[in-house]
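The block underneath contains the structure these notes are about, expressed in structure tokens.
In what follows, chains carry the letters A, B, and so on, assigned in the order in which the sequence lines appear, proteins first and then strands, with residues in each chain numbered from 1.
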Amino acid sequence: VISWNSLIAGSVQSGHGEEALKLFHQMQLGGITPDLDSWNAVIARCSQDGHNEETLKRFPGMKMAPIKPNPVTIASVLSACARLMALQHGKEVHCHILRNGFESNVFVGSSLVDMYAKCKSVEAARRVFDMLSQRNVVSWNVMITCYAQNRHSDDALKLFHQMQEAGVKPDSATIATVLSISSNLMALQEGKQVHSYIIRHAMDSDVFVRSALVDMYAKCGSIADVQCVFDQSYQRNVAVWNAVIAGHAIHGLGEDALTLFHQMQQSGIKPDHITFTAVLSACSHSGMVSEGWQYFNSMTRDYGVKPSIEDYTCMVNLLGFAGNLDNAHKLISSMPFKPD
RNA sequence: UCCAUCAUUGU
């Protein structure tokens, strides 16, 4: 069992989920009963690869086997429930947790709060959060994000302060979430306070924090600060570039956005589907019709990125504002999506 | 097994 497990663990770590599953089956064919570690490796990999249905299918199978899931198993299964917004499944796992006395485990507790959060059960998430006997930074983050994503900004900020009063130090995930709240509220003062916190605590090299900062200044209308934060970023991942391109887009600075798009590629960063939406949004805000078509056609042809419904919306707006209603209609009827 | 949370996109 041990050697099979290390093989499985090896393929899990190198990201070969299929390989891990194959080994898992071969092991059983060889007459060896998988133990808890084998199960956990496979379930965790399914969950991380986004094979959420697969994860949920395996969990009951495991309960039939003569071994018991442990907190690590539960956390993986709950995160699959969260991504699928499978509230019923999640509640069953919750019962399982209570029956087995796993609720005191901090990983299980945070995953459980997150499951309710992603299923939009804000009240239930808060009830579980309040009952947690152990809370670490992730437990707080999960609850703050729950409020932030369900438009309870006040509760989110209140919790952010309570977290610090409780002696838990915010990490880069906390800060990124809190900044995204300032963005949505267009609260420049709040945002600047968080920025000074970031500087005081030397968190400004984190790419999550940087992209959130760029976004916050853009949404709060301070393009000068966008430039400043961006220029000071020496580590720029695709999200930081996306944020700065999108920031210029919403300010009607289409030419600058396109320049940034080319600089991004010169620096060796590959555009993703969000980049193209930002670029098309820039064209749309600045009425750049021919450029818009150029990038819309190029994204599939040259980059293999399929236009999303967001991209079509940008193009329809672009054509509509330019008075080209015929082409706008044609584009809508050619969309591989239901118009929303 | 080392796993749970976070940022950037259209209207």
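- Ring-plane geometry between A:Phe296 and A:Trp293 is classed as perpendicular, the angle between the planes exceeding 60 degrees on a 0 to 90 degree scale with a lower cut at 30.
- Between the A:Gln265 side chain and the A:Phe261 main chain, a donor and an acceptor come within less than 3.5 Å of each other.
- A straight line from CD1 of A:Ile198 to P of B:A7 spans 14 Å, rounded to a whole angstrom.
- The nucleotide whose nearest atom lies closest to any side-chain atom of A:Ala75 is, among B:U5, B:U11, B:C3, B:C3.
- The shortest distance between side-chain heavy atoms of A:Met299 and A:Asp311 falls below 4.5 Å.
- Distance A:Met299 CE to B:G10 P: 14 Å, rounded to the nearest Å.
- Checking side-chain atoms of A:Asn184 against main-chain N and O of A:Ile181 turns up no donor-acceptor pair under 3.5 Å.
- Contacts of A:Asp272 with the nucleic acid, taken as non-hydrogen atoms under 4.0 Å apart, are absent.
- Ranking B:C3, B:U9, B:C6 by closeness to the A:Ile274 side chain, first place goes to B:U9.
- Rounded to whole Å, the distance from NZ on A:Lys338 to P on B:G10 is 23 Å.
- A:Phe230 and A:Trp241 have perpendicular rings, their planes meeting at more than 60° on a 0 to 90° scale where under 30° would count as parallel.
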A:His195 and A:Val229: CA distance, side-chain angles, deciding distance, side chain to side chain contact (heavy atoms under 4.5 Å, CB included) verdict: CA-CA 10 Å; A:His195 193 175; A:Val229 170; 4.0 Å; yes
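- A:His96 contributes no side-chain N or O that, together with a main-chain N or O of A:Glu92, makes up a donor-acceptor pair within less than 3.5 Å.
- Checked against salt bridge (Lys or Arg N to Asp or Glu O under 4.0 Å), A:Arg236 has no partners two or more places apart in sequence or in another chain.
- Using a 4.0 Å cut-off between a side-chain N of Lys or Arg and a carboxylate O of Asp or Glu, A:Arg126 and A:Asp130 qualify as a salt bridge.
- For a distance-only test at 3.5 Å, the side chain of A:Ser211 qualifies as a donor-acceptor partner of the base of B:A7.
- Protein atom OH of A:Tyr312 is 17 Å distant from nucleotide atom P of B:U11, rounded to whole Å.
- Within residues 153-160 of chain A, no residue is approached by RNA chain B to less than 4.0 Å at the level of any non-hydrogen atom.
- Here B:C6 is the nucleotide among B:U9, B:U11, B:C6 with the atom lying nearest to any side-chain atom of A:Lys118.
- If you check residues 212-220 of chain A against RNA chain B, the residues with a heavy atom closer than 4.0 Å are A:Ala212, A:Asp215, A:Lys219, listed by number.
- If you take CZ of A:Phe337 and C1' of B:G10, they are 12 Å apart, rounded to a whole angstrom.
- Between the side chains of A:Thr73 and A:Asn70, at least one donor N or O lies within less than 3.5 Å of an accepting N or O.
- Put simply, the side chain of A:Asp35 gets close to the backbone of A:Ser38: a donor and an acceptor are under 3.5 Å apart.
- For the segment residues 229-254 of chain A, the set of residues with a heavy atom within less than 4.0 Å of an atom of RNA chain B comprises A:Asn237, A:Ala239, A:Asn242, A:Ala243, A:Ala246, in numerical order.
- Closest approach to the A:Val72 side chain among B:U5, B:U1, B:A7 is made by B:U1 (side chain taken as heavy atoms from C-beta onward).
- Applying a 4.0 Å cut-off to non-hydrogen atoms, the residues of residues 126-147 of chain A that approach RNA chain B are A:Asn136, A:Val138, A:Asn141, A:Val142, A:Thr145, listed by residue number.
- A:Val72 and A:Leu132 are assigned to two separate hydrophobic clusters, defined by single-linkage of ILVMFWY side chains at heavy-atom distances under 4.5 Å.
- Residues of residues 323-330 of chain A that place a heavy atom closer than 4.0 Å to RNA chain B do not occur.
- Between A:Asp215 and A:Ser183, the side chains place a donor N or O and an acceptor N or O closer than 3.5 Å (distance only, hydrogens not considered).
- Protein atom CG of A:Asn317 is 14 Å distant from nucleotide atom C1' of B:U9, rounded to whole Å.
- Judged purely by distance below 3.5 Å, without hydrogens or angles, the side chains of A:Thr174 and A:Asp171 pair a donor atom with an acceptor atom.
- Nearest nucleotide to the side chain of A:Ala173, out of B:C3, B:U1, B:U5: B:U5.
- Checked by atom type and distance alone, the side chain of A:Thr300 never pairs as donor or acceptor with a backbone atom of A:Asn297 at under 3.5 Å.
- There is a side-chain donor-acceptor pair under 3.5 Å between A:Asp272 and A:Asn242.
- When rounded to the nearest whole Å, the span between CG of A:Leu112 and C1' of B:A4 equals 11 Å.
- The nearest whole Å value for the distance from the NE2 atom in A:His273 to the P atom in B:A7 is 14 Å.
- In terms of modelled atom types and a separation under 3.5 Å, the side chain of A:His285 and the main chain of A:His251 share no donor-acceptor contact.
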